[in-house]
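Here is the structure we will look at.
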Amino acid sequence: MSFDEWVLAVHVLSAFAYVGGIVLFWMLIVAVRKIDTPGATIRMEPIVKVGNVAVGVGAVGTIVLGIWLAFALDSYAIWDGWIIAAIVLWAVSAAFGQRTGAAYMRGMTKAKELDAAGQDGSNAELLALNRTVNGVVLHSLTSVAVLLILLDMIFKPWAA
């Protein structure tokens, strides 16, 4: 295999990590909707860290290696419409993803405050933060952007 074929393989693996992280966060969103205690919310933190690593590695790997491939391979150019669309969608998904994380971290922050205060029972405010509608909408938009990236990569509209 050539170096560029290896780069393409790692680019695709990065995309799997990115999508896997997005799916993991969907599972956390569903799970946290029923949680109203600080301890149970805090126990989600290690899983959140795994998701953050998967999304981070996947996002960086896809964009860096994708741009590398656009310059390295003669059959692609960075100004191809489908590559520009992918870069724009990547930026959109990253922006929505960061805002999603911020929305759900409010619940984690509240859970840590309650835990530090010695309150370990049910808390309506914590439940409301864990059920954030804003977070669901933002993660939905992130997911749509990532799905559009995948469709763009598969079908390559506007390819020369």
Using the rule that two of Ile, Leu, Val, Met, Phe, Trp, Tyr join whenever any of their side-chain heavy atoms come within less than 4.5 Å, decide whether Val136 and Val30 are in one cluster.
no

Under a single-linkage definition using a 4.5 Å side-chain heavy-atom cutoff for Ile, Leu, Val, Met, Phe, Trp and Tyr, are Ile22 and Val60 assigned to the same hydrophobic cluster?
yes

Side-chain heavy atoms under 4.5 angstrom apart, residues restricted to Ile, Leu, Val, Met, Phe, Trp, Tyr: same cluster for Tyr104 and Leu24?
yes

Are the side chain of Lys156 and the backbone of Met153 linked by a donor-acceptor contact shorter than 3.5 Å?
yes

Atom CD1 in Ile83, atom OH in Tyr76: separation rounded to 0.5 Å?
7.5 Å

Report the distance from atom CE of Met108 to atom CD of Glu113, rounding to the nearest 0.5 Å.
12.5 Å

Taking all heavy atoms of Tyr18 and all of Ser93, pick out the closest pair and write down the distance.
OH-OG, 2.7 Å

Flag yes if Val10 and Phe16 sit in one hydrophobic cluster, no otherwise; membership is Ile, Leu, Val, Met, Phe, Trp, Tyr, and two members link when side-chain heavy atoms are under 4.5 Å apart.
yes

For Ser2, does its backbone N or O pair with a side-chain atom of Glu5 as donor and acceptor, under 3.5 Å?
yes

Ala103 to Thr132 - nearest heavy-atom pair and separation
O-CG2, 4.2 Å

Rounded to the nearest 0.5 Å, what separates atom OG1 in Thr109 from atom CG in Leu126?
10.5 Å

Side-chain contact, heavy-atom cut-off 4.5 Å: Leu127 with Ser122?
no

Taking all atoms of both residues into account, what is the closest heavy-atom pair of Ile78 and Ala70, and its distance?
CD1-CB, 3.8 Å

Determine all donor-acceptor pairs shorter than 3.5 Å in which one atom belongs to a side chain in residues 142-149; sequence neighbours excluded.
residue, atom, partner, partner atom, Å
Thr142, OG1, Gly97, N, 3.2
Thr142, OG1, Leu138, O, 2.9
Ser143, OG, Trp26, NE1, 2.7
Ser143, OG, His139, O, 2.9

To the nearest 0.5 angstrom, please state how far the CD1 atom of Ile29 sits from the CG atom of Asn130.
11.0 Å

Is there side-chain contact between Leu150 and Phe155, with heavy atoms separated by less than 4.5 Å?
no

Nearest heavy-atom approach of Met44 to Ile35 is CE-CD1, 3.2 Å

Tell me the closest heavy-atom pair linking Ala54 and Gly21, and the distance in Å.
CB-CA, 3.9 Å

Can you hop from Leu73 to Ile63 via hydrophobic side chains spaced under 4.5 Å?
yes

Inter-residue atom distance Leu89.CG - Ile84.CD1, 0.5 Å rounding:
12.0 Å

Exercise: do Asn123 and Thr37 side chains pair donor with acceptor under 3.5 Å:
no

Pairwise side-chain contact, Val50 with Pro46, heavy-atom cut-off 4.5 Å (strictly under):
no

Look up atom CZ in Phe25 and atom CD1 in Ile47, then write down how far apart they are to the nearest 0.5 Å.
10.5 Å

Judged by atom type as modelled, is there a donor-acceptor pair below 3.5 Å linking the side chain of Thr62 to the main-chain atoms of Ala59?
yes

Is a salt bridge present between Arg106 and Glu125, judged by a nitrogen-to-oxygen distance below 4.0 Å?
no

His11 versus Gly61, closest heavy-atom pair with distance:
ND1-O, 4.0 Å

Any side-chain heavy-atom pair from Trp68 and Asp4 closer than 4.5 angstrom?
yes

Checking Asp80 side chain against Trp82 main chain: does a donor-acceptor pair fall under 3.5 Å?
no

Just jot down the ring pair (Phe, Tyr, Trp, His ring centres under 6.0 Å) partners of Phe96, sequence neighbours excluded, or say none.
none

